[in-house]
Amino acid sequence: MQSSAQQPSLFTPEDLPEVSTPWEIVDSEDQLYAEVVFNLPMLKSYHYLVPSGLRDNIRPGSRVRVPFGTGQKLTQGYCVSLTRTRPAHRNFKSIESLLDVAPLVDAAMLRLTRWISEEYLCSWGQVLDSVIPAGVKSKAGTRELLHFELAEGYETRLTTLKLSATQQRIVDVLRSTTEPMAGDELTSLAECGLSPLQTLRNKGIVVSTKIRTWSKSVSSAGENDTSAILLNRNQHSAVTRVIESLASGKSETFLLYGVTGSGKTEVYIRVIEEVVRYGRQAIVLVPEISLTPQTIRRFRKRFASVAVLHSHLSDAERHSYWQQIARGQVQVIVGARSAIFAPAPNLGLVVIDEEHETSFKQDSTPRYHAREVARQRVRDAGIPLILGSATPTLETWLRGIRKEEIVLSLPYRVAQRPLPPVMIVDTRNDQSLQKGASLGRAMLVAMRESLAKKGQIILFLNVRGYSPALFCRACGQSVRCPDCDVTLTYHKQRQIALCHSCEYSIDPPTSCPNCGKPGLLFLGQGTERLEHEVKARFPGVSVLRMDSDTMQQKGSHDRALESFRQGEVRILLGTQMIAKGLDFPNVTLVGVIDADTSLHQPDFRASERTFQLIAQVAGRTGRGELGGKVLVQTACPDQPAILYAARHDYAAFARQELEHRHTLGYPPFVRILRIILRGEIEADVEKAAERIRLGMESKGLERGGMLAKILGPAPCPVARLKKYFRYQLQISHPSGEVLGQLWRDVEPVAPELVPVEISVDLDPISFR
DNA sequence: AGCACGCCGACT
DNA sequence: GTCGGCGTGCTC
């Protein structure tokens, strides 16, 4: 159209396809075009010609190598669709090659990844590329080997040829098989070297092909043991209800709301057994931290083939599992967040255990939440989803209240064990705590009592290192990271002052770097300091500290837990990593050293997190004959999160917290889009954030009958991180779609804002 | 994200 | 007079 409007010269190269002879029309109608997306932050897709040699093998989902950009540089991309109609574009480049024999993603996975890219505001290619493990893309654990087979019509050729004895042996070996044979296997069977093989190939008797094979086989045998555990009534009715749903072909979501120790895992297993009976597969997502040998064993015992996808797998192992899963050879896939993308061909169920865990949200692009991806995947597949938790997120709980999802309750612990009593210790009234100790009087008494009765103790403190601040009493400053807006944590054992944001470290200063005066105070408690204090208070009692400093080595985690299980260790203390999942019947005391750490986070979920934390650690005790109790040290004993946690009353906590969130206009009543901007010059960053705000305001904030609210621009709670200044905007509106529209409206201005980097996070879970 | 094209400062 | 700074705009 353009060309006719501007009086073209007759035969410019671009016009040639237009003035076409009949055979050219036929030819162009017969062309196949592939729509290709890239792992780049661009929303556009690009069309390529499919050369005839690739026509039979290319599928939507195929990984392709194409020339992209200026020059002939080859870039990896993903074919997302194929079409015969010529897209509106002048010149097309051709696909150079396919990267895999079979597409790595099927139609369902294409739909799922497209949904993620739209929901979480990033490109389809970015999602596709992050969903496929690196080991799968690099074909880790496999290599290309020359394979040999007899050439077509080799027999007629043999009539005119004389073969040596060795050559004859090779032909005999190949006659006995129908498959191409690897070179080394062939030469060893025929007891010969490579040269007679070369000769036969030159004579046209055998032909060779490159075939990709596994370097060594990775097996996954399971020990089957269907020892049935008797279900209690609540468990039984939960199982029955989900199994009904399985048969219905509907996609229902169940919230399995069960206190710690109520037997949620057994419910999952029973339902999965039913799924497996139908010849289908199940995905079980667990927090990475729960991927302990204990959990794994539990599934391996009950199912013949289980794939456990944890972060310590080698690329080759991961690749092998992926292939086995894709072939339908795996019944149950247990893994962390990314296991939601397991390529199970006939998925029958998804389970998310500890649904409230924040590790299900990915903190880099694509910033998806595995729970929401699961909701989408099960909806598409028409299968049920089970979300399990003792302390569900308020997002999930509200769906239950609104009857959008089905709540199945397990209100009792198995074997009728009671939940442990939780005592709140007001630290404001304790002299020793005022002086900087970690263990208050009540805690010490409880510890002595517990040890006297041969019980074990777990102490929880979510701060690693010795003390989180080095404070100068002369000038009132703390020692800070030069690149981040945080204080340095003193690590006594490693003899460093360390930044927990960027790993920057210095030798521990003896005098204030700010004013030069000596005598820095070690302010606050970390696990290292707690360990010192416990050892000083309880000489001769074996104490073990578990945090990311002591658990560096592979297998140290398991060894530590094993020695606690054996009773060699009486007191286990540590961070987050000891709060979840541990099940030791001898633990009679759990101490929360400082409940206020989580309560005082600058995050509207601080209260929810604190409740979850106390409930989770409380779940570590009272699991055996000896019973148990929980002590929570806090300076805020009147906080609802702490009060309700002490009463084990999640429902009441949720009721008041929901009311609070409703009043203040927080999730789950709205959704939040957080826009984070970072750059080296503070003024640029702030200006860019302001531009985005103005852009949104000018596009109109009233959408769907509601006004989107914008908070900011404001410096992020950690205003400086790794040398970058950071600003944020928070936009809230009940509809995620509206938030998406708002971003898409202003996104085009983003490139003008360089050198400021922008990232967007829907439903953010961290506000640092 | 690359990478080239394109207009203003310190060098031969 | 050139070499090169990185600002902006495109990639089927």
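Numbers restart at 1 for each chain; the letters A, B, ... are given by sequence-line order, proteins then strands. Small disclaimer: the values here were computed from a predicted structure and weren't measured.
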Q.
Classify A:Lys73 by what it touches in the nucleic acid, base, sugar-phosphate, or nothing, heavy-atom distance under 4.0 Å.
A. sugar-phosphate
Q. What does A:Phe68 touch in the nucleic acid at a heavy-atom separation under 4.0 angstrom: a base, only the sugar-phosphate, or nothing?
A. base
Q. Hey, does the side chain of A:Gln376 reach the backbone of A:Trp115 with a donor-acceptor pair shorter than 3.5 angstrom?
A. no
**Q.** Sole candidate of A:Arg678, A:Glu690, A:Glu682 that passes side chain to side chain donor-acceptor pair (under 3.5 Å) when paired with A:Tyr727
**A.** A:Glu682
Q) Can you name the one residue among A:Lys137, A:Arg59, A:Arg63, A:Arg212 that meets salt bridge (charged side-chain N to carboxylate O under 4.0 Å, His left out) with A:Asp100? A) A:Arg63
Q) Is it true that A:Arg605 and A:Glu395 have a side-chain N and a carboxylate O under 4.0 angstrom from each other? A) yes
Q | Bounds of contact between DNA chain B and chain A, in 5' to 3' order, using a heavy-atom cut-off under 4.0 Å | A | B:dA1 to B:dA4
Q: Could you tell me the separation between the CD1 atom of A:Ile681 and the C1' atom of C:dC6, rounded to a whole number of Å?
A: 13 Å
Q: Measure from the ring centre of A:His89 to the centre of the six-membered ring in the base of C:dC12, then say whether that distance is under 5.5 Å and the planes meet at under 30°.
A: yes
(Q) Whole angstroms only, please: what is the CG-P distance between A:Leu82 and C:dC12? (A) 18 Å
Q) Any donor and acceptor pair, going by atom type alone, linking the side chain of A:Arg377 with main-chain N or O of A:Ile340 inside 3.5 Å? A) yes
(Q) Taking any heavy-atom pair under 4.0 Å as a contact, classify A:Pro87: base, sugar-phosphate, or nothing. (A) nothing
Q: Before accepting this row, confirm whether a basic side-chain N of the pair A:Arg371/A:Asp763 lies closer than 4.0 Å to the acidic partner's carboxylate O.
A: no
Q. Quick one: A:Leu40 CG to C:dC10 C1', roughly how many Å, whole number?
A. 12 Å
Q | A:Arg337 side-chain N/O to A:Lys361 backbone N/O, donor-acceptor pair under 3.5 Å | A | yes
**Q.** Interatomic distance, A:Tyr46 OH vs C:dC10 P [rounded to whole Å]
**A.** 10 Å
(Q) Could you tell me how far apart A:Met42 (CE) and C:dG9 (P) are, to the nearest whole angstrom? (A) 17 Å
(Q) Can you measure A:Leu43 atom CG to C:dT11 atom P for me and round it to whole angstrom units? (A) 16 Å
(Q) How many whole angstroms separate atom CG of A:Leu74 from atom C1' of C:dC12? (A) 14 Å
